[in-house]
Amino acid sequence: MIPENTKAINFFKFEGLRIYHKSVDFTNAILSLGNTCQTEAHRLLLERFVNEAMQISNCLIEGSANTRAAFIEDLQRAKVSIGKCVAINTLAAKQHLIDETQEGDIRNELMELTKMVGALIISFQKHDAVNALEE
């Protein structure tokens, strides 16, 4: 049994990534919008939103188990899912599923996720460039 006052060691590689935790929190926030669904169209839109939000985390999980090159490809797929979330966010606002404040907050979270993914891609590319120079 693990003492309560100690932090569990990350067994899974992806759990060490801040962006993974941020993407899970984002998905959780989108899931909480389920209480505002009043029509079948809203439920379908929210379902799509949740699926794309979950895809961000999934790409991080898949990528962390692969080579750097494959991880970069998975990170690029995560950016595509973020872009889809932007479009769904806009549509959700137009459909009055969310208000202007929620739309802005979600957009800000998506921009932060995009920056984090971009920074991770750049860090891998820099590492690869340094390794290439050393060879």
Path from Leu17 to Phe12 over hydrophobic side-chain contacts below 4.5 Å: yes
Minimum heavy-atom distance Ile56-Cys85, with the two atoms named: CD1-SG, 4.3 Å
Set of side-chain hydrogen bond (donor to acceptor under 3.5 Å, both in side chains) partners for Asn58, sequence neighbours left out: none
CG-CZ distance between Leu120 and Arg18, expressed to the nearest 0.5 angstrom: 10.5 Å
With Lys115 via side chain to side chain contact (heavy atoms under 4.5 Å, CB included) - residues at least two apart: none
Cluster check Leu91, Val86: I/L/V/M/F/W/Y, side chain < 4.5 angstrom: yes
Pairwise side-chain contact, Val80 with Lys84, heavy-atom cut-off 4.5 Å (strictly under): yes
Nearest-0.5 Å distance, CG of residue Leu110 to CD1 of residue Ile82: 7.0 Å
Nearest-0.5 Å distance that lies between atom CG in Leu60 and atom CD in Glu15: 12.5 Å
Verdict with reasoning, Leu31 to Phe49, per side-chain contact (heavy atoms from CB on, under 4.5 Å): CA-CA 9 Å; Leu31 275 167; Phe49 210 165; over 6 Å; no
All pairs passing side chain to side chain donor-acceptor pair (under 3.5 Å) where residues 24-51 contributes a residue, at least two apart: Glu40-Arg43, Arg48-Glu52
Sub-4.5 Å side-chain heavy-atom contact between Leu33 and Leu97: no
Spatial distance of atom OG (Ser81) from atom CD (Gln76) [nearest 0.5 Å]: 12.5 Å
side-chain hydrogen bond (donor to acceptor under 3.5 Å, both in side chains) partners of Ser64, counting only residues at least two apart: none
Heavy-atom side-chain proximity of Gln125 to Arg68 below 4.5 angstrom: no
Closest approach of Ile30 to Leu46 (non-hydrogen atoms, all atoms of both residues): O-CD1, 3.3 Å
Pairs flagged by side chain to side chain donor-acceptor pair (under 3.5 Å) wherever residues 85-111 is involved - sequence neighbours left out: Lys22-Glu109
side-chain hydrogen bond (donor to acceptor under 3.5 Å, both in side chains) partners of Glu73, counting only residues at least two apart: none
Counterpart residues, ring pair (Phe, Tyr, Trp, His ring centres under 6.0 Å), relative to Tyr20 (two or more places apart): Phe14
Qualifying ring-ring contact (aromatic ring centres under 6.0 Å, His included) pairs, either residue in residues 52-81, two or more places apart: Phe71-Phe124
With sequence neighbours excluded, residues passing side chain to side chain contact (heavy atoms under 4.5 Å, CB included) with Ala119: none
Rounded distance [0.5 Å steps], CG in Leu75 versus NZ in Lys79: 9.0 Å
Reported OG-to-CD1 distance for the pair Ser23 and Ile61, which is rounded to 0.5 angstrom: 7.5 Å
